[in-house]
Amino acid sequence: MIEAWIREFARLVVAEAPRLTELDSAIGDADHGSNLSRGLTAVVAALDEGSFDDDAALLKKVGMVLVSTVGGASGPLYGTFFLRAAGALPGGVPSAFRAGVDGVAARGKSTTGEKTMLDALVPAVEALEAGKDWGEVLAAAEAGRDATVPLVARKGRASYLGERSAGHVDPGAASAALLVAAAASTLG
Amino acid sequence: MIEAWIREFARLVVAEAPRLTELDSAIGDADHGSNLSRGLTAVVAALDEGSFDDDAALLKKVGMVLVSTVGGASGPLYGTFFLRAAGALPGGVPSAFRAGVDGVAARGKSTTGEKTMLDALVPAVEALEAGKDWGEVLAAAEAGRDATVPLVARKGRASYLGERSAGHVDPGAASAALLVAAAASTLG
Amino acid sequence: MKKLINAPADVVVEALAGLAAAHPKLGVDLEHRVVYRADGPVPGKVGLVSGGGSGHEPLHGGFVGFGMLDAAAAGEVFTSPVPDQILAATQRADGGAGVLHIVKNYTGDVMNFEMAAELAEGTEIATVVTNDDVAVEDSLYTAGRRGVGVTVLLEKIAGAAAEERRGLAEVAAIAQRVNDRGRSMGLALTSGTVPAAGKPTFDLPEDRIELGVGIHGEPGRRRIPLPSAKEAATLLVEPVLAELQPSEGVLAFVNGLGATPLLELYLLYGEVAALLDKHGVPVVRSLVGPYITSLDMAGASVTLLALDEELLRLWDAPVDTPGLRWGA
Amino acid sequence: MKKLINAPADVVVEALAGLAAAHPKLGVDLEHRVVYRADGPVPGKVGLVSGGGSGHEPLHGGFVGFGMLDAAAAGEVFTSPVPDQILAATQRADGGAGVLHIVKNYTGDVMNFEMAAELAEGTEIATVVTNDDVAVEDSLYTAGRRGVGVTVLLEKIAGAAAEERRGLAEVAAIAQRVNDRGRSMGLALTSGTVPAAGKPTFDLPEDRIELGVGIHGEPGRRRIPLPSAKEAATLLVEPVLAELQPSEGVLAFVNGLGATPLLELYLLYGEVAALLDKHGVPVVRSLVGPYITSLDMAGASVTLLALDEELLRLWDAPVDTPGLRWGA
Ligand SMILES: Nc1ncnc2c1ncn2[C@@H]1O[C@H](COP(=O)(O)OP(=O)(O)O)[C@@H](O)[C@H]1O
Ligand SMILES: Nc1ncnc2c1ncn2[C@@H]1O[C@H](COP(=O)(O)OP(=O)(O)O)[C@@H](O)[C@H]1O
Ligand SMILES: [Mg+2]
Ligand SMILES: [Mg+2]
Ligand SMILES: [Mg+2]
Ligand SMILES: [Mg+2]
């Protein structure tokens with residue numbers, strides 16, 4: 001199931017890469033799609049090759065591959081997400097998710113409302129912890145993603161635009177919603 | 001009359017400068033109009049300021065101003081035209097014209113059929129020497145100019161284009177036709 | 001997209017291979033995309049490592065060599081390198097006296113260098129983060145200012161300090177001083193095109209420019225009508241001067257963003273120099289050219305560095321890299 | 001037209017003023033648009049003078065200084081300077097040992113330098129005309145080949161010979177040898193824009209390039225589909241090699257035409273070096289960057305110079321100019 005989640009996330013990212021890069025062109029540097037699809041293509045290759053003792057080992061591998069292939073801001077952030085999630089997975093999917101999201105916030109020194117991936121991740125993990133079903137969790141992530149539109153960015157490259165960053169979806173929030181969508185269709 | 005000729009040439013060149021540069025864009029380096037209008041603007045200023053012993057002195061000044069303000073290929077060529085014409089002016093306008101044209105050919109090591117200003121100048125001077133009226137002389141210059149269209153350039157920048165230089169009017173032939181047009185309307 | 005490249009995915013590796021082929025004093029680890037001094041690591045010298053996304057050439061690989069960097073890690077275009085790369089560069093630079101990481105202040109760069117430093121066991125690491133771009137509002141609550149033109153000057157000056165065999169703390173302090181005394185501002189006439197994206201990052205009408213751009217093809221702070229060079233100098237210099245109190249004279253650096261030719265850069269430099277003169281700011285050194293670029297973006301930035309005696313001496317010291325060379 | 005300029009008519013003078021402001025070792029005569037060594041003329045040294053239309057920066061003004069040119073005359077954009085200017089430059093360069101005129105083979109340049117030499121009484125003048133562009137068919141009946149990339153290499157090498165206090169005939173002979181042993185070929189991805197014209201000299205569709213261009217924004221010999229860098233290297237190197245028999249190794253020079261960033265130039269250099277290797281041609285020196293440009297044209301040229309022992313030694317000799325500097 002965990003492996004299916006990752007493979008589905010990879011599929012979505014590769015399919016949506018042009019759109020993610022498009023979003024990053026508006027308020028960033030036009031590479032979010034190529035960054036993530038490079039990383040998740042490497043992840044899929046690692047899954048195809050490797051065999052893992054358990055799902056935690058698999059998630060750890062995912063995190064390490066992302067850290068060492070993505071670069072930019074999203075590499076360390078998604079990498080940290082999976083590395084932390086791996087550590088907490090024995091406690092169940094919701095606690096893995098929580099650990100991952102907290103890891104992103106710690107690594108990025110960021111919080112919600114700053115127009116980042118956290119704006120999609122935090123509502124999702126809160127819904128999950130509240131026992132909502134995956135459909136509702138996904139809806140929370142997508143609502144969080146869409147709610148980034150009016151925000152003025154305070155973290156990441158979009159922050160350099162100041163007021164001009166308002167009016168656009170944050171690319172990282174969009175990719176984070178894909179992560180949750182992949183979870184919803186494989187872990188649900 | 002000679003002064004009127006030069007002033008009319010200057011007027012035509014300044015008015016037609018964009019078209020001359022346009023022609024030079026197609027097969028040269030997009031400066032023939034600005035080169036000549038810079039030079040003839042300086043010529044007009046020199047005429048406004050100076051007083052000249054005779055028309056020969058005036059033409060000599062024109063030549064010197066062109067040599068020292070135009071640059072490129074057309075500066076030495078038109079400059080030489082007027083310097084030589086000045087020397088021969090006592091023999092009359094046709095011999096001044098002939099001396100000027102021969103000066104261009106010598107300075108440019110060029111002859112007709114090479115897609116240069118000579119293709120307009122030579123037919124004009126030949127008509128003049130044959131005693132044709134200025135209307136016919138101008139017609140000869142313009143026919144010569146138009147006949148440059150199919151030619152492959154062998155001199156000047158257009159020669160670098162090889163076969164691709166065919167199909168365009170030579171910019172120098174176009175400006176030379178203006179020189180003759182100015183003569184036709186002032187010396188006729 | 002019109003570029004002299006093969007496949008977008010191979011741009012970085014192939015450009016590094018070409019750099020190393022052209023400069024025998026450099027080595028290149030193509031697997032890690034690290035350029036390093038072929039004669040390094042230099043025993044007993046503090047090693048200087050920088051790196052970042054590609055697309056800013058000659059920064060950073062072109063500044064590897066005697067008197068400047070020991071190694072540089074090249075990320076994908078506009079994407080900071082990953083920790084493995086930075087670690088490989090750190091090892092190439094480690095002559096036993098510690099390594100200085102020179103990091104431009106972008107979230108990605110900062111995080112990846114941080115992770116690399118955590119992993120670099122056995123090597124003492126100091127880090128300096130450049131953040132000289134006055135176009136970006138500084139605040140405790142944001143990612144802060146970008147590192148731009150000062151990075152070039154810092155790599156040169158800290159490199160000279162390291163060649164003098166100063167210790168890691170001293171080299172780091174000098175580097176920090178360069179950052180603190182330097183400020184920059186940039187503008188773009190056109191967008192650049194990221195090879196993998198295949199089209200310009202933003203569209204800009206013929207009569208508009210982006211004021212306050214960085215070096216990642218990102219839009220700037222605002223869009224304004226195309227200024228004259230004189231107006232452009234004012235737009236770039238005034239906000240920089242508003243934050244600097246140069247007492248002993250400045251190094252004035254007019255940088256091209258990639259597609260703007262020297263003719264325009266020198267013309268702009270003339271306006272910048274005239275403006276500084278009007279403000280009574282003496283210019284004691286200058287640098288004009290494309291040194292920290294943004295792919296094929298047309299535009300320019302101005303960096304002023306308030307020199308002091310030591311910084312001036314270190315700036316003048318010999319340097320031998322593909323991008324900056326004198327006295328050697 | 002998007003450029004960092006004030007008025008098109010003032011571009012050349014203002015850029016020269018900026019150049020001189022940035023480089024205290026240079027002087028500038030703004031009336032004649034001549035850049036000269038501030039410490040010149042150097043008594044007893046053959047003076048080197050070049051010049052031509054502007055828009056090719058750093059050529060020629062950026063190559064004035066120790067070990068290279070003594071003075072350079074800057075014409076309007078793409079328009080050769082007039083005899084008065086060349087004469088003024090010749091006087092600035094005349095240290096009593098004669099002056100070498102370095103002229104690129106364009107009708108206008110040749111005629112204006114010729115007229116200046118006729119006027120330069122009291123100074124012994126020798127002239128070398130560069131004509132290294134293999135894109136142009138050579139023939140007794142045409143204007144012949146253009147002078148392009150070799151001009152940069154020639155100015156450096158002849159400049160070093162003059163610093164050795166070789167006599168005028170010897171310096172001229174060395175210069176001629178550089179021209180005879182060097183060949184170039186260029187291609188354009190985009191047209192440049194002449195400031196006074198205000199729009200691009202030619203239109204080029206997104207998927208087409210001009211092969212065989214010079215440095216005046218003129219269209220090339222033919223229009224072909226956008227090649228990969230590897231194909232571009234072949235298109236540029238093969239016609240050059242067809243005319244050179246390099247025995248002792250070459251200097252390989254990949255030149256940017258103005259708007260092409262170093263990332264692409266180094267990538268192209270890698271392909272050029274690989275191709276030369278395949279042909280068994282040893283590359284002993286290289287030069288990569290925008291050194292002889294065509295305003296804001298995107299594109300590149302390749303120049304190969306068949307070195308010999310003396311040319312190599314003179315190339316390596318110290319030089320101190322804004323555009324090329326080492327050993328000083
Ligand atoms: N400090 C941060 N905390 C959380 N997320 C961040 C932070 N900085 C950037 N991001 C996320 O990363 C995304 C950009 O990723 P990407 O484009 O791959 O990297 P880069 O910005 O280095 O080009 C942003 O859209 C944002 O969601
Ligand atoms: N050798 C030559 N003999 C006669 N005319 C020439 C010669 N070379 C060039 N020309 C003329 O000069 C014109 C170009 O002038 P211009 O554009 O001002 O100079 P440049 O070619 O130096 O840019 C050509 O169109 C041609 O008519
Ligand atoms: Mg990005
Ligand atoms: Mg012309
Ligand atoms: Mg990025
Ligand atoms: Mg011209």
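This is a predicted model, so every value here is computed, not measured. Order of the sequence lines fixes the chain letters, A, B, ..., with proteins taken first and strands second; residue numbering starts at 1 for each chain.
For the options C:E231, C:E206, C:K230, C:R285, heavy-atom pairs under 4.5 Å to chain D are most numerous at C:E206. Contact count against chain C (heavy-atom pairs under 4.5 Å) is highest for D:G258 among D:G258, D:G270, D:P195. Across C:A273, C:G62, C:A328, C:A17, the residue that shares the most heavy-atom pairs under 4.5 angstrom with chain D is C:A328. Considering only heavy-atom pairs separated by less than 4.5 Å from chain D, the leading option among C:A21, C:A229, C:G256 is C:A229. By number of non-hydrogen pairs under 4.5 angstrom with chain D, the leading residue of C:A259, C:A20, C:A300 is C:A259.
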CA sep, side-chain torsions, deciding dist, call: D:Y269, C:H23, side chain to side chain donor-acceptor pair (under 3.5 Å): CA-CA 11 Å; D:Y269 180 82; C:H23 299 284; over 6 Å; no

I'd like to know whether C:V35 forms a side-chain contact (heavy atoms from CB on, under 4.5 Å) with C:L19, so could you lay out the CA-CA distance, the side-chain angles of the two residues, the decisive distance to 0.1 Å, and finally the verdict. CA-CA 9 Å; C:V35 179; C:L19 175 71; 4.0 Å; yes

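When only modelled atom types and interatomic distance are considered, D:E57 and D:T293 share no side-chain donor-acceptor pair under 3.5 Å. Counting only N and O atoms by type, the side chains of D:E76 and D:S54 include no donor and acceptor under 3.5 Å apart. Between the side chains of C:E271 and D:N6, a donor-acceptor pair is found at a separation under 3.5 Å.
For D:L226, the part lying under 4.5 angstrom from a heavy atom of chain C is the side chain only. Of the atoms belonging to C:V319, not a single heavy atom falls under 4.5 Å from chain D. The part of D:L187 that comes within reach of chain C is its side chain, from C-beta onward, which places non-hydrogen atoms under 4.5 angstrom from that chain. When heavy atoms are compared at a cutoff of 4.5 Å, D:V283 does not approach chain C at all. At a 4.5 Å heavy-atom cutoff, the contact between D:A22 and chain C is made by backbone and side-chain atoms alike.
With respect to the salt-bridge test (charged N to carboxylate O, under 4.0 angstrom), the residues D:K2 and D:D296 do not qualify.
Taking the six-membered ring where the residue is Trp, the centroids of D:H56 and D:F78 are separated by under 6.0 Å.
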